[in-house]
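Here the structure comes first, spelled out in structure tokens, and everything after it is commentary.
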Number of protein chains: 6
Amino acid sequence: MKSQETLSLGRVLLTGAAGGLGKQLRTRLRPRCTLLRLSDVAAMDAAQAGEEVVQARLEDRAAVHQLLEGMDSVVHLGGISTEQPFDAILQANIVGTYNLYEAARKHGVKRIAFASSNHVTGYYRQDEVIDPSMPMRPDGYYGLSKAFGENLSRFYYDRYGIETVCLRIGSSFPEPRDRRMLATFLSYDDLERLVVASLTAPVAGHSVIYGVSDNTTNWWDNTSARHLGYRPQDSSEPFRASREAAQPKIDLNDPAAIFQAGGFVHQGPFE
Amino acid sequence: MKSQETLSLGRVLLTGAAGGLGKQLRTRLRPRCTLLRLSDVAAMDAAQAGEEVVQARLEDRAAVHQLLEGMDSVVHLGGISTEQPFDAILQANIVGTYNLYEAARKHGVKRIAFASSNHVTGYYRQDEVIDPSMPMRPDGYYGLSKAFGENLSRFYYDRYGIETVCLRIGSSFPEPRDRRMLATFLSYDDLERLVVASLTAPVAGHSVIYGVSDNTTNWWDNTSARHLGYRPQDSSEPFRASREAAQPKIDLNDPAAIFQAGGFVHQGPFE
Amino acid sequence: MKSQETLSLGRVLLTGAAGGLGKQLRTRLRPRCTLLRLSDVAAMDAAQAGEEVVQARLEDRAAVHQLLEGMDSVVHLGGISTEQPFDAILQANIVGTYNLYEAARKHGVKRIAFASSNHVTGYYRQDEVIDPSMPMRPDGYYGLSKAFGENLSRFYYDRYGIETVCLRIGSSFPEPRDRRMLATFLSYDDLERLVVASLTAPVAGHSVIYGVSDNTTNWWDNTSARHLGYRPQDSSEPFRASREAAQPKIDLNDPAAIFQAGGFVHQGPFE
Amino acid sequence: MKSQETLSLGRVLLTGAAGGLGKQLRTRLRPRCTLLRLSDVAAMDAAQAGEEVVQARLEDRAAVHQLLEGMDSVVHLGGISTEQPFDAILQANIVGTYNLYEAARKHGVKRIAFASSNHVTGYYRQDEVIDPSMPMRPDGYYGLSKAFGENLSRFYYDRYGIETVCLRIGSSFPEPRDRRMLATFLSYDDLERLVVASLTAPVAGHSVIYGVSDNTTNWWDNTSARHLGYRPQDSSEPFRASREAAQPKIDLNDPAAIFQAGGFVHQGPFE
Amino acid sequence: MKSQETLSLGRVLLTGAAGGLGKQLRTRLRPRCTLLRLSDVAAMDAAQAGEEVVQARLEDRAAVHQLLEGMDSVVHLGGISTEQPFDAILQANIVGTYNLYEAARKHGVKRIAFASSNHVTGYYRQDEVIDPSMPMRPDGYYGLSKAFGENLSRFYYDRYGIETVCLRIGSSFPEPRDRRMLATFLSYDDLERLVVASLTAPVAGHSVIYGVSDNTTNWWDNTSARHLGYRPQDSSEPFRASREAAQPKIDLNDPAAIFQAGGFVHQGPFE
Amino acid sequence: MKSQETLSLGRVLLTGAAGGLGKQLRTRLRPRCTLLRLSDVAAMDAAQAGEEVVQARLEDRAAVHQLLEGMDSVVHLGGISTEQPFDAILQANIVGTYNLYEAARKHGVKRIAFASSNHVTGYYRQDEVIDPSMPMRPDGYYGLSKAFGENLSRFYYDRYGIETVCLRIGSSFPEPRDRRMLATFLSYDDLERLVVASLTAPVAGHSVIYGVSDNTTNWWDNTSARHLGYRPQDSSEPFRASREAAQPKIDLNDPAAIFQAGGFVHQGPFE
């Protein structure tokens with residue numbers, strides 16, 4: 001037995017594989033999987049060894065059912081990840097996530113890491129610290145669709161025993177882009193740690209955790225999710241000086257400055 | 001000034017007016033309204049003085065927008081109120097409620113009493129007492145759709161200032177039908193008190209309250225909603241002896257006996 | 001179906017039947033039982049119709065196992081109910097309650113109403129209001145033994161599914177004897193309501209409730225146990241004037257006046 | 001022993017005896033006291049049997065020290081009870097209350113019922129229910145002075161063992177004057193019950209309780225103060241219809257409608 | 001853009017600039033300010049470049065109003081920082097802080113870092129861990145005046161939108177002086193981090209935070225203030241051995257050993 | 001004064017000195033004690049300088065009383081530390097701990113570090129994070145006996161002022177043996193830190209703390225015990241890869257995988 005040997009994640013479906021986070025996770029998860037099946041509505045790079053690539057829409061129930069076949073677990077990044085008119089969100093995120101869970105139920109998939117979002121609680125203020133047990137306060141249709149996904153996954157756990165870790169991802173980019181992201185930044189390495197912890201924790205039940213690095217400024221208390229074994233190693237702090245210099249003034253009359261949602265409060269209404 | 005004079009509810013839209021609760025509220029609210037507009041997907045009795053009757057589907061965006069025109073407030077009972085396959089629930093309850101709130105936003109309607117359901121938290125157990133701030137645990141697609149409606153209304157309050165009282169209605173029938181309903185019973189008179197309190201409270205903000213009579217057995221702690229001024233006057237207690245006699249044995253191996261959801265845990269999966 | 005027909009409690013074992021509360025419950029429970037088996041270490045009145053009388057020590061494992069045979073549920077009042085030296089409490093209350101639960105396990109008994117005591121939390125102060133989820137603070141060996149019984153019953157529920165309602169009984173006498181009992185009084189009628197609710201609640205799980213009437217002065221918040229359906233009808237208030245007149249001065253230097261334990265704080269040490 | 005005999009309150013100082021509540025309590029407390037000493041900055045009716053009348057300013061340290069001499073307990077209503085410029089509040093309420101507690105310390109007075117105010121927490125909203133353990137949010141200098149008095153009395157309890165019950169009085173008038181007072185109304189009879197409970201509870205420690213009748217609409221959860229034995233008997237409900245009729249419209253753009261403070265939010269700044 | 005460029009604090013008033021902490025902050029804040037105005041009742045070193053020095057008493061309303069003119073923010077250390085007779089505390093800390101906030105309101109100053117104190121909660125015990133939302137328990141007149149300042153600043157935030165961070169400073173010295181300070185020590189570097197975080201957090205609202213280094217022994221849970229971005233870097237641990245050796249015995253009969261207040265419990269009464 | 005000089009623990013009794021943890025603590029505590037008295041039911045290595053070795057059974061009341069004579073404090077590891085039939089546990093752990101506390105009371109011993117166990121709360125799930133204030137949920141007779149010891153020590157503190165730190169030890173071995181121990185591992189060095197902190201904290205009162213290293217995966221929130229100054233330095237993380245590799249599959253149908261108790265859920269019943 002080699003002490004460096006890592007736990008195989010087995011056969012994993014990664015949805016949303018063509019997106020920014022999807023591309024990161026594709027390369028990072030592949031070495032840990034027996035098989036990594038990749039799907040997206042958009043085109044993806046060709047399959048490499050150990051990969052399968054399947055272009056599919058989440059609204060396509062039959063296609064989604066095929067995607068889940070033979071999988072041990074799912075990392076569900078798919079769907080729309082920005083604020084959009086309701087009808088688009090409804091199809092990709094609400095119907096799409098329903099399709100995914102129904103397919104998981106039929107195929108006996110037992111663990112899902114669901115990319116939820118900090119926008120599930122975006123109407124809390126930037127001067128308060130919240131935890132995952134507090135009531136949802138979504139900041140738009142996108143946040144509402146992620147709240148729906150969290151509740152849906154809770155139901156599939158209570159009813160069918162499918163485990164889900166809901167990852168309320170902050171801002172996962174190469175580096176924080178503005179002062180708000182000093183609080184919400186999630187480095188790609190920490191994103192990988194978070195997803196791996198979610199898939200390898202012996203018992204996940206139904207858990208909710210904020211996906212955030214070990215930033216000095218912090219709105220989210222993950223104490224209740226320590227059982228997952230996610231321990232961030234990165235921080236936004238090296239970027240503080242430049243982000244503060246670039247944005248020295250904060251306008252407290254702007255709801256985007258007050259609420260954790262940031263600029264999402266200015267999206268919509270869509271008419 | 002007559003001391004018996006009651007506060008007028010103004011111009012009120014009652015959706016779901018052809019249903020069991022809708023019929024009760026139609027006759028009870030009419031005397032308190034300047035105008036009571038009634039809508040349902042099904043046919044309704046002809047309009048009486050002070051009423052308007054409009055048959056419409058909640059999925060019909062244009063129709064819903066017309067329904068809201070000129071209204072001061074809404075009692076939203078409409079949609080499906082039993083467990084059904086997802087696609088039906090999606091249209092009537094998720095799309096329908098979205099349509100209603102968008103229409104309310106455009107027409108400047110400022111207060112909505114939203115008929116949510118105890119099925120938003122149906123996967124809590126019958127041996128625990130919960131309150132509205134605890135995480136949602138829906139027991140099916142119906143409960144999920146009501147959870148969606150609660151979150152949607154929270155968003156429309158945080159973003160647009162539309163006040164909503166979410167009424168997590170228990171079991172509103174002429175009398176409790178089984179032992180579970182000794183805990184969940186809501187008399188029609190108490191239902192009326194609840195809706196009137198929701199529409200007349202000076203400030204409602206976004207509130208969540210369980211719709212239940214003053215039953216001796218009680219799973220729901222409404223302390224956090226006392227500001228609404230709902231004080232139930234009825235109880236399931238007069239029906240206890242007969243309901244216990246009719247159902248003397250409880251099978252604790254049956255999830256329907258364990259969870260607050262009752263029989264909803266046996267609905268589905270729908271294939 | 002007669003609406004007055006009450007739910008039969010089936011075959012019930014009442015331990016401690018020769019004591020003050022035991023005598024009350026004997027006559028009150030008998031009409032509701034198919035069979036009421038009575039036991040005590042002391043002699044009891046002869047069995048009447050529907051009764052069995054068995055004199056037995058709770059420390060006598062074999063005897064206790066026989067007691068449980070064929071029972072549907074147990075009301076466990078047996079053991080020592082005053083502060084005593086440790087060795088006596090150990091045998092009657094710790095070993096005795098262990099024997100009872102082991103026998104219940106072997107005989108498939110599924111529901112126990114366990115007479116715990118307010119002395120499990122006697123070292124909280126008379127100027128604070130506590131609830132059953134707060135840490136135990138026993139005020140002597142008696143309170144410690146009841147704390148043990150509560151934890152033991154929790155274990156037998158988590159491991160074997162035997163339901164227990166722990167009744168933290170206040171002061172159950174014909175009337176309150178002093179000013180402290182204005183807060184702790186439990187009338188015999190309310191005691192009966194409490195025991196019946198514990199045995200008839202459809203789902204009891206493992207619950208803890210303070211056994212107290214609807215006294216104006218109240219140290220105990222039973223909100224978390226409302227699912228049991230216990231609603232007291234009596235109060236110590238009619239006795240207030242006479243009890244205050246008899247005890248007009250309170251010495252706040254006396255721990256017995258400060259702590260909920262009352263005079264128990266002066267029992268012991270036993271040497 | 002006569003069962004109707006009430007507990008004597010002994011020698012009691014009532015400050016603020018010339019005010020609205022002071023006059024009510026003067027006549028109500030007198031029969032229960034061995035001696036009722038009355039003080040106010042304003043003139044009062046002549047002393048009757050069992051009374052002493054002393055006109056004094058609370059800012060007058062020597063006078064206050066004389067007031068406390070020989071007293072068993074104090075009902076401290078004195079000082080300013082409306083919003084005023086800071087300097088006036090400072091003298092009457094901050095310096096005055098300090099003088100009172102120092103005098104109580106020197107004279108060995110052991111129990112004080114301190115008339116605090118709901119304005120200690122006036123910046124909570126009318127759509128939330130609060131309890132006395134939540135952080136103070138005063139709505140003006142008056143509320144700040146009462147917050148100071150509560151903290152001062154906490155210090156005198158922790159340091160010197162002087163017990164205080166802080167009464168966060170709502171709106172104590174013959175009847176509620178507007179819709180806000182449907183929530184905050186405290187009848188004179190309930191005021192009397194509250195003060196008597198505060199002075200006769202065997203152990204008061206340092207307690208905080210809202211002074212409010214059993215109104216249907218209720219912003220304040222007094223569960224943590226049940227040990228005091230205050231149980232209101234009155235309600236604002238009989239006045240609901242007339243108050244609603246007189247004030248049918250609520251302007252949610254007016255902070256006075258939103259916050260529990262009511263009109264106090266419009267007092268000041270004083271320049 | 002240089003990545004090392006720090007966010008300018010703009011025009012800052014530092015009160016109490018002649019005191020121990022004031023001297024530390026004077027030299028540490030100056031490089032970050034456009035202008036650093038220094039005030040104290042005592043004489044200060046002459047102004048250097050970028051500084052203004054103004055000797056003034058906080059009780060002098062006109063002088064304080066002049067101090068605030070043109071300032072962006074304030075670090076308010078001024079006033080008495082030890083236990084003193086009430087009248088002295090009243091003027092410097094209660095009247096003085098009122099003057100400061102009134103002046104801030106008139107001059108449109110929008111952010112204040114207010115040096116509160118751990119003595120606001122000094123009557124909690126050394127064997128409990130508290131957080132800023134728990135009820136205040138001041139340990140003397142000094143603590144009472146800081147509690148007043150916290151409540152005052154809460155009011156000025158709720159009413160006028162002036163943001164304040166209340167810093168409940170522990171023991172800020174070059175090194176911990178006794179065993180109590182192993183828990184309460186705040187290094188000067190961490191003090192600087194705390195003040196800078198308070199002034200630069202994009203949204204401060206009204207926040208309360210304990211000012212303490214990352215000591216191994218810790219009575220204060222700052223989780224609720226993580227949004228401020230204060231992350232201590234120092235610890236009392238290097239001083240543990242010497243402080244324990246110098247004070248090997250703790251007398252648990254001494255309230256100064258039991259309460260977080262330490263020796264403050266022995267100050268007063270002042271007669 | 002040497003800065004490296006450590007605080008002497010004085011005269012310390014170590015029970016259970018022949019066990020695994022006892023041997024570790026024997027060598028680690030000896031240099032810090034004036035006298036280290038060692039006891040066990042089993043034979044121990046001969047006494048070295050500064051040691052006394054006394055073989056004794058905890059059930060032997062007289063022997064235990066002798067053990068306590070002249071001691072300043074106790075580290076109580078003695079008794080049974082595995083799941084066993086009730087009668088064995090009863091004698092060694094329940095009677096034995098009672099004997100120890102009675103002896104401590106008579107001999108004026110003022111501080112005890114009591115080796116409790118994570119099995120006091122073993123029926124919480126591995127997907128939840130708990131803290132010491134939550135209700136006990138023991139997973140067997142061993143856990144019940146430790147729960148008894150915690151409550152007993154609470155009583156001896158409330159009644160007699162004997163301070164106890166209850167150490168709910170996780171899994172203290174040279175290294176974690178399986179995947180569960182990645183969460184529960186307590187290194188020997190951290191065990192020593194924990195015991196030393198418990199004995200040297202100036203004020204311990206009655207505290208409960210989980211004995212666990214700084215493991216990435218963590219079920220236990222020790223925030224409430226930070227006043228003790230225990231800060232773990234070790235982690236199970238270096239062992240993660242090998243433990244995961246050795247145990248790649250978790251069977252969620254096995255209660256031993258679900259509950260924090262681990263394999264203890266399969267011990268018993270003992271017949």
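Note that the structure is a prediction, hence the values are computed from the model and not measured. By convention in this document, chain letters (A, B, ...) are assigned in the order of the sequence lines, proteins followed by strands, and residues within each chain are numbered from 1.
- Heavy-atom distances place no part of E:Asp131 under 4.5 Å from chain F, backbone and side chain included.
- Residue-level contacts of residues 121-130 of chain E with chain F, in order of numbering, are E:Arg125, E:Gln126, E:Asp127, E:Glu128, E:Val129; threshold 4.5 Å between heavy atoms.
- Proximity to chain F is absent for every atom of E:Asn253, based on heavy atoms less than 4.5 angstrom apart.
- The shortest side-chain heavy-atom distance between F:Thr6 and E:Arg240 does not fall under the 4.5 Å cut-off.
- For residues 165-197 of chain E, a heavy-atom distance under 4.5 Å to chain F picks out E:Arg179, given by residue number.
- Among residues two or more places apart in sequence or in another chain, the side-chain contact (heavy atoms from CB on, under 4.5 Å) test is passed with F:Ala104 by F:Leu68, F:Val109, F:Ile112, F:Ile162.
- Under a cut-off of 6.0 angstrom, the local environment of NZ in F:Lys23 is sparse, with at most 12 non-hydrogen atoms contributed by other residues, nucleotides or ligands.
- Heavy-atom proximity under 4.5 angstrom to chain F picks out E:Thr217, E:Asn218, E:Trp219, E:Trp220, E:Asp221 from residues 217-235 of chain E.
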